[in-house]
Structures are given as structure tokens and as C-alpha cells.
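What follows is a set of notes on a single structure, which appears directly below.
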Amino acid sequence: MSENAIEARGLTKRYGRKHAVSDLSFDVPFGRITGFLGPNGSGKTTTLRMLAGLIRPTAGRCTVLAGPVPGPTLRDVGTMIEEPSFYPYMSGRKNLIHAALLHGGVPASRIGEVLDFVHMDQAADKKVGAYSQGMRQRLGLARAMLWQPKVMLLDEPTNGLDPVGIAEIREALRAIAAQGVTILISSHILAELEKLANSVLVVERGRLLYDGTLSTLLNQLQGALVTYRLRSDDAHSLEETLRDMNLEFSRLDGDVLRVLVPQDGAGDLIGTLSARGIRLSEANREHDSLEDAYLRLLREDGRPV
Amino acid sequence: MNAVANVVRAELFKLAHKKRTYVLAGLYWILYPALVLIVGNVIRVNLAGSFIDGNVPVGTLLHELASPFGLARVALVGPGYMSPSFYMIIIALVAALLIGEERSQNMWKTTLVAQPQRLAVLTGKFLVAWLAFAVLVIGATVFAFLFGALGTTFLGTGFSGDWSGLLTGMVMQVLFGAAGISFAFLLIFMLRNVALGIVSVFFLPALLEGLYMAYATLVGFQPVTAFNAVFQFLRLQNTLEELPRYFFTSNLYAPSRGLVGSVLTDLGIPAEAGGGLLFSTLPLSHSAMVMGGYFVVFALLLAWRFKRHDVA
């Protein structure tokens, strides 16, 4: 059996002459949380829909749990794609009962379990039409978990949630992943993804830009430049010296300068400044966040960001 | 089969939570027979002992309209002569709930993930719509019988009538409903707009048939003219003249409209007077074949389109 829960090979979707997704190939290993990144219109949702069997690829193929899509293995997939939708005239609980009946084989007790898991047990008997967006997101996540799927495809699951809600969903997803569920999750909140994902896929204009672990992405992009935060009592001299050394810098709040140094000369920076008579009161090497890495990746692709 | 059964269970659950289900049942099962009983009583009070056209006692008229058999028969005949037909109103509203709402509420992406077997989803929804139609029609007959039985206590009516003919008509009408449901599913799914779909279900067949009748009346197929020469040339004139025998609406309602003949006979109205009632004399076997053909065509088109549908 394949060690990948999801495999895509040459996945392509065209709408007329427009390529929504072009020749996308990637694997998502079992039991991992994989982040799916890309700007609006980059083909994330289209890809997730293809993986869920909702739209047919123009070319290429994908497998989920080693079965072709569409196919019977999709019964073990839970999804929340874009804003979750419900029958507004039924309560949250009844919407879940409907989905459970449709899928089949879901014990009645499971409804209460998932409602409890997303902290919706109190509001479950109100009509969905009266729910806030955050409540709908939670209920959507509960529905995606209903039949204990082995793979979850989640598209912006924290949209519309407050910080507490986001943290709760993050913990919930961690708990789900700990049970061995494979999660492919797209999000615009990169800091959240950074806390959650083991690896990332980055797409842009329907093409795959990066497929690998988060740490490799960060290291790879840090390879070109290293960022330092420097402070000196004599800020003017520090700026003059940095100009002399042809280093790019910007002023942050107060006297703190953010300096970009080529990787090969980074180790010598402090020594060189000291040799030139600059006394530093603060010197910190910054680590790239996923957001920095992501933005640089897109810049390298020629997209103005 | 399990997948179809799951869809049937889920959609019945949904149907049970929709008010329109109960409104339709209330109108058809309660309001209609209650109104007929009231009208029957007004006739009894004001016209007792009179004769219609000098030879049909009012008591006979009351029996034809408001006896258990009469009420049940009118419950089957009446909807077929309304415009739009009450049968199509039931079918269109149920189809809008089961098919149209999936789009208007953006639910296909949920439904087709919970149950990825698309043909099972379609089959299950179709069976539920058909079951709802059957329950409403059979329920109307049962309620009409019960109201009619109540009416016997003050209208002086009895239980006699051609019950086997009536029950055959009811069963056939339910079976013919399958073609109407596949037609409504197809239009509502293809048009991607519930309101437009419902309006089209009501009026598209009538519009097409009306255009044909207008052409047949104004231009005709004989003798050869500039307007109909092409049909003559293609030797299609006989087929075109026969076309009304294959119209959707006249065949769809054939079981219920066929019962009109017995009403006319019982009221002593000459059979030729019934000719004004559009195509009520089509043989049921012919209509069954025509509706079977419509069902197969609509169902295949729908299944083909649905299987290829991209959920955007």
C-alpha cells in the first residue's frame, strides 16, 4: 500500500482557455498536517475540489487513500471547502443528522461527540439560519469529522473566527491529527499554519512552487539573506557604516535597524562593525517566519507582493 | 443499494422538516374535500328535489361530487384539469426542494462528499420525490373517502361507485408521475435557478404544445402552402398531425382525465360533449408507452448531466 494518503499527478483544470490548475503533482503522506498556501485565485480551492471528487480534472489524476477519485475511498474523506453550507431551516444538530444519514454507518452518539468537540453542544438545537459565521465554521468542522474520516480536506477552516476560536480549532485539528488523520489545510493565516503544519505546498497561478517541509522552506529561503536587528547608542555612525558596507537596512521603531546580510558574510558582521568602532547595545539574528518565506517565494516567482 | 437507501432516509428526514410538505398535504387532503362538502351541502339545502337539465336529480349530482366515491374521483380528476396542474405543482415543489435547494443553498459540495456515489444520490432523490407524490395522491383519495363518509350522514349519499376503476386510475397516475418528476428534476437541475425551473416545469410543455396548436390552426398541414411545404416534402405531415397524441401533458394526466368519461355518463351528459375535454379519450396503454418513453429520455439526460456536473 502507498505511504501517501493523497497523490496528485499532472492534475490540470481548465475553464475554457483559463488554466485554474496546471500540471500539479504532489504527495501528502499519511498522518501529516500539510499546509496548502497560495494567493487568492492560485488554484487551492479548485485542487481541493478535485481531490474531493466534486470537479473532474481536465487532465491528470489523483488518488485518495490509494483509491482513484472519484471512487469508494472518498467515503473516508471529510471536507470543509470554502464557507460551510447548511439547510437554514434545520438546527445544527439536524443538519448533522441529515449528513450522517446520507453517509450511512454513523452511530447516533457520534453527533453529540462532534458537537461537544467543537464546543457547539449548547447551540446545536438552534436553527442554522441564526448562527454567526464562527458557529457555522465550527459546525462545518464537526460535520467534516462526523464519519471519522481518514483524510480531511479543509479550506480556510478558521475564516471568521475570533482569536480564541482560531486557537480552539488549531488544538482540535492537532487532536484529530494525533489520531492518525491526514489533514490538507489551506489558510490565509500563515502564522496559524506555521503552528500547525508539518509540511507545505505552495501554489501560484495554478502551478506548484514548493512542496516540502516547513523547515526546509525556511532554510532554503534564508540561504540568500540573513536578517539582523541591531541597536547602537550612536545610531548615525551605525547607519553610515552599513551604507559603507553596501548593506540593505531599514529603521524600525526607535533606534533599531533591520539589516539584511548575505549568508556568507553574516558570521563576520558583528566583528566587522566592532573593528570599525561601532559599539552595539543590541544584536539579534531574526528567523524567517512562514509569512516571510512565503512572500519571498512569491517574489521570486515574479509576482508583486 | 445501501447508498440509495441512505439517500432515501436522509431526504425523507429533510422533507419531513419542510413546511411546504404539510401545506401541500393540507390543501389536497383537508381543504379540498372540506370545500366540496360545503358546496355539496349548499346545493342540498337550496336545490333539494330539483332536476338538472330536467332529467338528473340533484341527489345524483351530489353523489357524483360529494359521496365517498365522488369525492375520491374528483380528487384524482380535478388536479389534472387545473392550470397549472396541481400534480405538477406537487412535483415541481418537491423537485425544487430535493434538487433546486442543493444549488440555492450551495449544498451539493456537502451532499456529494457525504455520499460520493452520484447515481445513488440521484436515484435516492428521485425515489423520495416519487414516494412523496404517491403519498400525497393516495392520501388525497383516502381523505376524500373519509370526508365523503362524513358527508353521507347529512347529504344522503352512499358508498357505491366503480372503485376498482378509480383505484386503477390512482395507481396509474402515481406511476405516470415518474415521467413528470424526471422532467422537473432535469429542468430545475439544468436551468440552475429554482424559480425559473419551477416556472418552466409549469409552462414549458404547455407553451410548446400551444405553439404547435397555433401553427396547426393558423397554417395547417393540408393543402401544401409556402409555410408547410417543407413538412410535406419530408413526408412528415402525417406524423405532425398525429403529434398531439404524444404530447407530454395530455398523456401525463391521461389516468385522471380518463375518469371524466364516467362522470359524464353518470350525469347523463352525451359522450360527444366530452370531446371538448382535451384528449381525455387517449387509450391508457398508449399513454403508458409515451410516458415511459419520456421518462427514459429525461432520466438518461439527467443522469448523464449529473454525473459530469462540476460543483463550483
Side-chain angles (χ1 to χ4, degrees), chain A residues 13-15 20 45-46 48-58 64 67-91 94-106 127-129 139-140 143-144 146-147 149 151-153 155, chain B residues 1-23 93-94 96-128 131 194 303-312:
Chain A
K13 183 66 184 176
R14 281 193 302 271
Y15 292 104
T45 302
T46 305
L48 290 174
R49 283 177 190 273
M50 282 193 279
L51 294 174
L54 295 174
I55 59 179
R56 294 170 308 133
T58 312
V64 171
V69 174
T73 52
L74 285 177
R75 277 182 61 80
D76 286 321
V77 175
T79 67
M80 190 169 122
I81 294 179
E82 292 183 318
E83 194 175 316
S85 46
F86 302 94
Y87 298 112
Y89 51 85
M90 289 202 287
S91 69
K94 284 179 176 167
N95 266 281
L96 293 190
I97 293 171
H98 178 261
L101 289 171
L102 207 49
H103 186 273
V106 179
K127 286 193 176 172
V128 171
L139 191 63
R143 187 171 55 197
L146 200 54
W147 40 89
V151 169
M152 290 180 80
L153 305 172
D155 192 11
Chain B
M1 280 311 286
N2 264 350
V4 174
N6 290 340
V7 177
V8 168
R9 274 194 288 270
E11 295 303 280
L12 283 176
F13 178 80
K14 190 170 79 179
L15 206 60
H17 285 85
K18 200 72 180 172
K19 277 183 197 151
R20 76 178 62 158
T21 310
Y22 303 99
V23 171
L93 290 181
V94 173
L97 174 68
L98 296 176
I99 292 285
E101 194 180 72
E102 300 289 306
R103 184 175 189 84
S104 62
Q105 302 292 346
N106 203 10
M107 285 301 286
W108 280 127
K109 67 180 181 186
T110 303
T111 302
L112 294 178
V113 165
Q115 184 46 262
Q117 292 184 49
R118 292 194 175 197
L119 285 182
V121 170
L122 197 57
T123 308
K125 282 176 176 284
F126 174 82
L127 289 176
V128 169
L131 185 64
V194 180
W304 174 73
R305 196 66 200 89
F306 188 71
K307 213 158 163 26
R308 297 170 56 85
H309 176 59
D310 277 351
V311 180

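In this text the structure is predicted, and so the values were computed from the model without any measurement. Proteins get letters first, then strands, A, B, ... in listed order; numbering begins at 1 in each.
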Atom NZ of B:K18 with >12 non-hydrogen neighbours under 6.0 angstrom: yes
Please check if atom NZ in A:K94 has more than 12 non-hydrogen atoms from other residues, nucleotides or ligands closer than 6.0 Å. no
If you count heavy-atom pairs under 4.5 Å with chain A, which of [options] comes out on top?
options: B:V113, B:V121, B:V7, B:N106; value: B:V113
options: B:P116, B:G124, B:A10; value: B:A10
options: B:H309, B:Q115, B:M107; value: B:M107

Nearest heavy-atom pair of [X] and [Y]: which atoms, and what distance?
X: A:S85; Y: B:K109; value: OG-CE, 3.6 Å
X: A:Y89; Y: B:H17; value: CD1-O, 3.7 Å
X: B:E11; Y: A:L102; value: OE2-CD1, 4.5 Å
X: A:A99; Y: B:A114; value: O-CB, 4.0 Å
X: A:L54; Y: B:R118; value: O-NH2, 3.1 Å

Can you tell me which portion of A:E82 sits under 4.5 Å from chain B's heavy atoms? Options are side chain, backbone, both or neither.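 Contact with chain B is through both the backbone and side chain of A:E82.
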Part of A:R56 within contact of chain B (heavy atom distance under 4.5 Å):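 The answer is both parts of A:R56.
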Can you tell me which portion of B:E102 sits under 4.5 Å from chain A's heavy atoms? Options are side chain, backbone, both or neither. side chain
Could you look at B:L97 and say if it's the side chain, the backbone, both or neither that has a heavy atom under 4.5 Å from chain A?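 The side chain, not the backbone.
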How long is the span from the CE atom in A:M80 to the OG1 atom in B:T110, to the nearest 0.5 Å? 10.5 Å
